There are 2 protein chains.
Amino acid sequence: MSDGTGRGGESLLFLTDEQLKKGIEAMFFAYRGFTADPDLILDDYGYGRAHHRAIHFISRSPGTTVNNLLSILGVTKQSLNRVLRTLIEDGLVESRVGTRDKRERHLHLTETGQILEADLSRVQRDRLRMAYRTAGPEAVAGFRKVLEEMMDPEMQRHFRLLKESGP
Amino acid sequence: MSDGTGRGGESLLFLTDEQLKKGIEAMFFAYRGFTADPDLILDDYGYGRAHHRAIHFISRSPGTTVNNLLSILGVTKQSLNRVLRTLIEDGLVESRVGTRDKRERHLHLTETGQILEADLSRVQRDRLRMAYRTAGPEAVAGFRKVLEEMMDPEMQRHFRLLKESGP
DNA sequence: CTTGGAATGTCAACAAGGCTGACATAAAAT
DNA sequence: ATTTTATGTCAGCCTTGTTGACATTCCAAG
């Protein structure tokens, strides 16, 4: 609908290397802004982005297993384990041995964990909402579309499985 | 112009927390895809993303000073220095003492450095071009607009100073 | 039933690349 | 002449990635 074989496709052929480089730089600078606000909060707790990512995806999929989290985060289980251990020790995450399969650990945020998650999420959503509001709704749709196309296929799969609006 | 008090602003008020979270996750997954291809090349050289960033911005602003690079990259001079030292030792970057101000070092890519830069840039531009093409030109405009709004103001300033199309 | 392999998670050790702090040098600015 | 600025270096720390070794659990084949 927005991109037939007409004007759209053709004008894209005129993308210069420098325009693409500006896109690359936009991603770089924007990602810094994107993480800046949560980083401030995390510092207070002695945590880093790895903790934030774990907390975020546990919050989004309560009861998820370590293995599932691994495939989403794309790190080694040893890396994830270190982060999870501190979160569990600090009482932010609870690890329940699976009932059906006792090898699995199902991860949940504790109440304390939910509070931190809410704080982190709020500042990050605020930044995004502000950017969305200034850019306008059509820009938002384009933003999402390009980002989705930039993902590796396996990440696209994970991404699409996350819920957008209540079930 | 695109976002008065009309339709645009109002529809944005309906953004749910979950829609915003999907935006957050899109940034996370997309950034992984964004860096994946250069990371493969960098591995062959024993380099990391820090090297890539230095190479990229030296290439974009030949003759830039260490201090200018620091403010763009947002790291400490010790961190940057470690990376620059290896790049200079390996003959990818040349550091020329300033003529007007001899305290400054002006950084340039050597021919070897330009070859690596070209390789890194090509795969990253290819990924972006593919995403742009699939998403369509209007999506691209929105993508760029939202990213720009997501940056911290100082980064916006740096971003806008980078050339988009020949001078 | 037992044994062996696969899946899952933990512990240990190492490397990259952030960080701070202290300090040296040289040039520029006052 | 003194201070400030730009840069570089050394030492040491932390986070977060990595690999290797190992324990536990499940399941399936003999």
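Bear in mind that the values here come from a model prediction, so they are computed numbers and not experimental data.
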Closest heavy-atom pair, Val66(A) versus Leu80(A), reported as atoms and distance to 0.1 Å, is O-CD2, 3.9 Å
When rounded to whole Å, the CG to C1' distance for the pair Asp43(A) and dT16(D) reads 15 Å
From CZ of Arg49(B) across to P of dG17(D) the rounded distance in Å is 10 Å
His106(A) atom NE2 is separated from dT8(C) atom P, nearest whole Å, by 11 Å
Q.
For a quick check, tell me whether the side chain of Arg103(B) and the base of dT7(D) share a donor-acceptor pair closer than 3.5 Å.
A. no
Check the pair Met150(A), Thr134(B) against side chain to side chain contact (heavy atoms under 4.5 Å, CB included), reporting the backbone distance first and the verdict last.
CA-CA 10 Å; Met150(A) 213 180 301; Thr134(B) 308; over 6 Å; no
The nucleotide from dT10(C), dG18(C), dT7(D) with an atom nearest the side chain of Asn81(A) is dT10(C)
- Query: Do His56(B) and Glu25(A) get their side chains close enough for a donor-acceptor pair, meaning under 3.5 Å?
  - Reply: yes
Reading nucleotides 19-25 of chain C from 5' to 3' and marking B where a protein heavy atom lies under 4.0 Å of the base, S where only the sugar-phosphate is that close, and - otherwise, the string is BBBB---
Per atom distances to the Glu104(B) side chain, the nearest of dG18(C), dT7(D), dG8(D) is dT7(D)
Whole-Å distance, Asp101(B) CG to dT5(D) P, equals 13 Å
Partner of His51(B) under side chain to side chain contact (heavy atoms under 4.5 Å, CB included), picked from Leu116(B), Leu84(B), Leu92(B), Thr86(B), is Thr86(B)
Of dA6(D), dT8(C), dT16(D), the nucleotide closest to the side chain of Asn67(B) is dA6(D)
Between CG of Leu73(A) and C1' of dG9(C) the distance, given in whole Å, is 15 Å
Q. Looking for any heavy atom pair under 4.0 Å, which part of the strands does His51(B) touch: base, sugar-phosphate only, or nothing?
A. sugar-phosphate
Taking for Arg53(A) and for Arg105(A) the nucleotide of DNA chain D with the nearest heavy atom, the one nearer the 5' end belongs to Arg53(A)
| message | Tell me whether the rings of Phe29(B) and Phe57(A) are parallel (<30°), tilted (30 to 60°) or perpendicular (>60°). | response | tilted
Atom CG of Leu107(A) and atom P of dT8(C) are separated, to the nearest Å, by 13 Å
Arg85(A) CZ to dG17(D) C1', in whole Å, measures 14 Å
Practice problem: Starting from the C-alpha separation in whole Å, work towards a yes-or-no answer on salt bridge (Lys or Arg N to Asp or Glu O under 4.0 Å) for Asp17(A) and Arg125(B). | Solution: CA-CA 7 Å; Asp17(A) 284 358; Arg125(B) 279 184 282 114; 3.0 Å; yes
Closest non-hydrogen contact found for Val75(B) with Leu70(B) is O-CD2, 3.5 Å
Contacts of Gly48(A) and Leu70(B) projected onto DNA chain D by closest heavy atom; the upstream (5') one is Leu70(B)
